[in-house]
Structures are given as structure tokens and as C-alpha cells.
There are 2 protein chains.
Amino acid sequence: MRRTRSPVRPVGRPRPIPGIDSRERLLNAAVTLFARKGIAATPIAEIAAQAGVTAAMVHYYFTDRQRLLDAVCDERLLSNVNAVWASVAESNASMPDVVRTLVQRIMHAAKLQPWLPSLWLREIVSEGGQLRERLLSRLPLGHVQTFIAQLTTAKRRGEVTASVEPRLVFVSVIGLTLLPLATMNIWRRIPQLQRISHDELARHAESLLLHGLFAARSKSRRRR
Amino acid sequence: MRRTRSPVRPVGRPRPIPGIDSRERLLNAAVTLFARKGIAATPIAEIAAQAGVTAAMVHYYFTDRQRLLDAVCDERLLSNVNAVWASVAESNASMPDVVRTLVQRIMHAAKLQPWLPSLWLREIVSEGGQLRERLLSRLPLGHVQTFIAQLTTAKRRGEVTASVEPRLVFVSVIGLTLLPLATMNIWRRIPQLQRISHDELARHAESLLLHGLFAARSKSRRRR
């Protein structure tokens, strides 16, 4: 690693500090700007400036724009996806607990990383999103398939609302968490909705999903 | 209206047929292309070609690109919004019926106009969407506010699940209808989800919402 640099540097440029911190700061700057302006409208130089390093440092760590997008995918998106879905693998948890944990982990991830819902909407979900193919080809679909299988078994045992479709539940979880978070700027224009907090949103999503999905379960419990 | 035109026309150009049909065909071509490629990537000439008229006809009916977008907003989007929300105004309907009708009307509109969910996602919900401000400034927010007020009253009467937030229900309705429709190309890549039909999606959304929102109601009914 080149740790020494020429002492003659252009005035006003931030001093590049090589090492882990600069790389992490660059990734953080990238996701923040990508979420705010979109990937296509964000020049490398702006990411570098936001991270307090020179544009040359972006090339030093990521070689080119495509490798930077790969790193965003692996180290900022897939890391979140894996953390969120890890709960599904814990096979001894009940289905309501699995769903509750899924919702809580998505909402928690979005609270710590406010750029996440917007980046999801802009660059993954939207047609032509620059992270779409990159992320989809790497997604651990096994988690979703395990989740569907678990729900299907639970439904067969009468524990899931009869008219609910187990295969669509993970799409519903996303529609009740990431979508409202990503569209907050729109619905907050309605006066009554201006003061809704992140926690109220999380509670609402969890409540709607648990009552909606496991209505059958609470009924059969009450019948006993 | 000018019904007669010069008989000398460039070879190969489709014959412009003035009148309601061409204008409607142009609007239909516009929403279809906008949904597929995005507004920024759709030239006026392509809309005209798709509608089988000359580019001059677009100017004849809409003057310029901005007026065409205004017409898309008024005649293709707001018309749908008004049709969907009309059920809320029918004050004698029960809240579960209002929610059921909302879901059914959104799903029905998207079935008849397959471009709708994609255009919603691309050009209204996404930051920088070209129909966003145009539509939001014209939205009849009174409908949403009436809906929130009705749900709040129903919740006070113990008819709505206690932990559900009445102000967020319309965002949930959209997250369970338009979002899964607009992202079908993504989740259909999962083998188990390839064959899910529009009607299964509609049934799932309705079931999840009705059980989730009105769990309290069915409990109190059963207690009687």
C-alpha cells in the first residue's frame, strides 16, 4: 500500500488517509449519494469529496466504477439481506416469531442506514436500476424458499389464515416495510401523516402482518 | 376540427386520422411506452409511431411534451385515482367493505391497464419521477383524509385491530397491491412464484388486510 505521497498537494483538497477507514467512508458516501441522487447522476469525484479523499483513492480501492458498485452490492446490500434473513434459518422459532423478527430486522436496518429504502427503490426495484441485476444474481434465494416452505407447512396445519398465499408473504413484508419507508417524502405531505415515527411504522407493519397471517391460529387457540 | 388535409403527404408516414380516436390512441401509446421505458427515454416520434399517427399529430392534440404529460396525469392517472377512491365517499358502507372495495378497484384498474403499476413506480414514486409533482399537486387528498377519519372512528369503537395505525392503512393498501404488481418481473424469478396469477395476488392482499385490520372486530363478534 502506498503510504507516502508527494508533499506538494493542490490547495483545498482533503488529505487522503489510506486504510480501512477511507474505504468504509467511500462506501458510506457512495450509498448516501446514490440513494439521494441516483447512481447515474453521481460522479466518482463527488463520492470522493463527500468521503474527504481524492478521486484517485476511489480508483486505488475499487479500480473502477463497476467494482465500486460490486462492493456496494456485497458489503452494503447483501450484508443487510443476510442479516435480515438469518432468522428464517433458525428452524425452532414459531412462524409468527419468524415474521416478527423479519419485520423488526428490516426496520432496524433501515433505521441505522437511512439510505437503504431509497436505494432499494431507485436502483433495485425500478426498471433500469443499476444495482438490480447485480443484486438479484447474488441473492440467497434459499432463504426465501425456506420461508415459503415453512409457511406452507404451517398453513397445512391450520396455523396460517386460509385465504393467505404463503408464496406471497415475503413480498407483503417488503410492501409493508421498505415501500412506506422509501415513499415517506410523498405521504408525509398529508398533514395527518407528518408526525408518524419510524417506530409507529414498524409497530403498524408487525401488527397488520401478524393479525393478517395468523388469524386462523388465534381463532383455533380461542376455541380450545 | 380540421377534417380535410393536403393530399400531398410524405410516403411511408401513417395517415393521420383526426378525432377522438387518434387522441385516445396517443394517450394509450404514451402510457404504455412511459411504463416500459420511462418518460425521459421516450421520444414523441415513438409515441406517434406506436399510435399510428405522425409526430405532427402529437403537437396538434397536445401542443408540447408538457401538455402531453398533463393529459396523461388528468386523463389516465387521476381518472383512476378518482374511480378507486369513490368507494370511500359512500359513507353507509362498513369499513371492511370500504377496504375490500379499495383493494378490488386498484387490482381491477391494474388488470385493465397493465401499464399502471409500472408507471406508478417509475414516474410517481421514484425520486425525480416526471409525473410526481404533477400528480401530487392534483391529488384529491380529501378522500385519504376521509378514509383516515373513518378508520380512526372505527378504531375508537373497537372495530379495528388495536395496534394498527389508521393513518398508515392507505399506504399499506398500496404496498400490498401496486408494489407487488410493479415488481412482478423481480419476484417471478423465484421458481415457486412464477405461476402466481393476478387474482391470487388480489385475494392474498384482501385477505391479509381484512384479517390484519379487523381482527378486533371478528373477535368481538365471536364473543357475543
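Naming: A, B, ... by sequence-line order, numbering from 1 per chain.
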**Message:** Pair A/R189, B/E133 - check salt bridge (Lys or Arg N to Asp or Glu O under 4.0 Å), show working.
**Reply:** CA-CA 12 Å; A/R189 293 177 188 213; B/E133 286 311 315; 2.7 Å; yes
Toward chain B, the part of [X] with a non-hydrogen atom under 4.5 Å:
X	value
A/L209	both
A/L141	side chain
A/L168	both
A/R122	side chain

Any [X] side-chain heavy atom under 4.5 Å of [Y] side chain:
X	Y	value
A/V164	B/H211	no
B/L193	A/I148	yes
B/W187	A/I174	no

**Asked** Which bit of B/I186 is near chain A, if near means a heavy-atom gap under 4.5 Å: side chain, backbone, both or neither?
**Response** both
So which of [options] has the largest heavy-atom pair count under 4.5 angstrom toward chain A?
options	result
B/V144, B/T177, B/L201	B/L201
B/E165, B/E200, B/E206	B/E165
B/I196, B/T183, B/L121, B/L139	B/I196

Quick one: of [options], who has the most non-hydrogen atom pairs under 4.5 Å with chain B?
options	answer
A/L179, A/L208, A/V125, A/I190	A/L208
A/G212, A/A41, A/P191, A/G38	A/G212
A/R203, A/R36, A/R132, A/K37	A/R132
A/N185, A/L136, A/I124	A/L136
A/S126, A/S163, A/A205	A/S163

**Message:** Quick check: closest heavy atoms across B/L176 and A/S172, and the distance to 0.1 Å?
**Reply:** CD2-CB, 3.5 Å
**More than 12 heavy atoms of other groups within 6.0 Å of B/H198 NE2** = yes
**Request:** Might you confirm whether atom CZ of A/R188 has over 12 heavy atoms from other residues, nucleotides or ligands at distances under 6.0 Å?
**Result:** yes
